[in-house]
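What follows is a set of notes on a single structure, which appears directly below.
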Amino acid sequence: MNELPALTVEHVDWNDPRAEALRHSMEVEMDARYADKQNALSPAEQEELERSLAVDPGKVFVTVLVSDADGVPVGHAALKDLRGDWEMKRVIVDASRRGAGIGALLMTELAKAARAGGARRIILQTGDRQPEAVRLYERSGYTPIPIYEPYASTIPFSLCYELVL
């Protein structure tokens, strides 16, 4: 395996502007991937979908930001409380940097933070049009679980996983 270029891993505030910029780029990409499914929703269903995907900053345990040697943010992920579980949210690796091990670095850092925080497991939801995310999660030891709420009722094309710590 190739050695990762110099990267910096930081725990930042959810509202860190660099983290927000990466999340925005993810939203643009996901909107394009799922446009046909989202366009088929009624306004009420769209509102419910947005509510299920929203992240309350007050429930975020940790936000991880990875930057390259020039300080450019190239990866982001967070863990938040969902009814007592530690749920992974907003995993993004800059499109130009995918395949370089940044996602694996994020998975390792999140597991480390969750263990340190006393979590028993990490759960996550992803969509059926994100095969690269599924590969990352499965390579990181995550196993499939049934779709859980709020996604079971709002995003039936979800794929859900857990990592028992």
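Excluded from the calculations below are hydrogen atoms, water molecules and symmetry mates; all remaining heavy atoms, backbone and side chain alike, are included.
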Sequence neighbours excluded, every pair satisfying side chain to side chain donor-acceptor pair (under 3.5 Å) that has a member inside residues 155-165:
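As it turns out, the side chain to side chain donor-acceptor pair (under 3.5 Å) pairs with a partner in residues 155-165, which skip direct neighbours, are R121-E162, Q125-S158, E138-Y161.
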Could you give all pairs that pass the side chain to side chain donor-acceptor pair (under 3.5 Å) test and reach residues 28-37, with sequence neighbours left out?
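The answer is E29-R33, E29-R98, R33-E132, Y34-Q130, D36-R129, K37-D128.
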Close side-chain approach of [X] to [Y], heavy-atom, < 4.5 Å:
X: M88; Y: Y142; value: yes
X: V91; Y: Y137; value: yes
X: L82; Y: Y148; value: yes

For the residue pair [X] and [Y], what are the closest heavy atoms and their distance?
X: G103; Y: V93; value: N-CG2, 3.7 Å
X: C160; Y: I147; value: SG-CA, 3.6 Å
X: I122; Y: A111; value: CD1-CA, 3.9 Å
X: E45; Y: S42; value: OE1-N, 2.8 Å
X: W14; Y: A78; value: CZ3-CB, 3.6 Å
X: T154; Y: P150; value: OG1-O, 2.8 Å

For residues 82-114, which residue pairs pass the ring-ring contact (aromatic ring centres under 6.0 Å, His included) check, not counting sequence neighbours?
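As it turns out, the ring-ring contact (aromatic ring centres under 6.0 Å, His included) pairs with a partner in residues 82-114, which skip direct neighbours, are F61-W86.
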ring-ring contact (aromatic ring centres under 6.0 Å, His included) contacts in which one or both residues fall within residues 100-125, not counting sequence neighbours:
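ring-ring contact (aromatic ring centres under 6.0 Å, His included) check on residues 100-125 returns no pairs.
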Taking salt bridge (Lys or Arg N to Asp or Glu O under 4.0 Å) as the definition, give me every residue that meets it alongside [X], ordered by chain and number, with sequence neighbours left out.
X: R135; answer: none
X: K89; answer: none
X: R51; answer: E47, E48
X: D13; answer: none

Check: residues 70-77 side-chain donor-acceptor pairs under 3.5 Å, at least two apart:
unit_1 : atom_1 : unit_2 : atom_2 : d
H76    : ND1    : R90    : O      : 2.8
H76    : NE2    : R23    : NH1    : 3.1

State whether the side chain of D56 and the backbone N or O of G58 hold a donor-acceptor pair below 3.5 Å, judged by distance alone.
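Looks like yes, one N/O pair under 3.5 Å.
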Are [X] and [Y] grouped together when hydrophobic residues (ILVMFWY) are joined by side-chain heavy atoms under 4.5 angstrom apart?
X: I92; Y: L136; value: no
X: F157; Y: I145; value: yes
X: M107; Y: V60; value: no
X: L105; Y: L163; value: yes
X: I102; Y: L65; value: no

side-chain contact (heavy atoms from CB on, under 4.5 Å) between D16 and T63, worked out:
CA-CA 9 Å; D16 182 293; T63 303; over 6 Å; no
Output all residues satisfying side-chain hydrogen bond (donor to acceptor under 3.5 Å, both in side chains) with [X], sequence neighbours left out; order by chain, then residue number.
X: H24; answer: none
X: E50; answer: Q46
X: S96; answer: D94

Nearest-0.5 Å distance that lies between atom CG in L124 and atom CG in L110:
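If I round to the nearest 0.5 Å, the distance is 10.0 Å.
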Within this structure, what is the CG-CD1 distance for the pair D85 and I123, rounded to the nearest 0.5 Å?
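Here the interatomic distance stands at 4.0 Å.
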Is there a side-chain contact (heavy atoms from CB on, under 4.5 Å) between T8 and V66 once you walk through the steps?
CA-CA 5 Å; T8 302; V66 177; over 6 Å; no
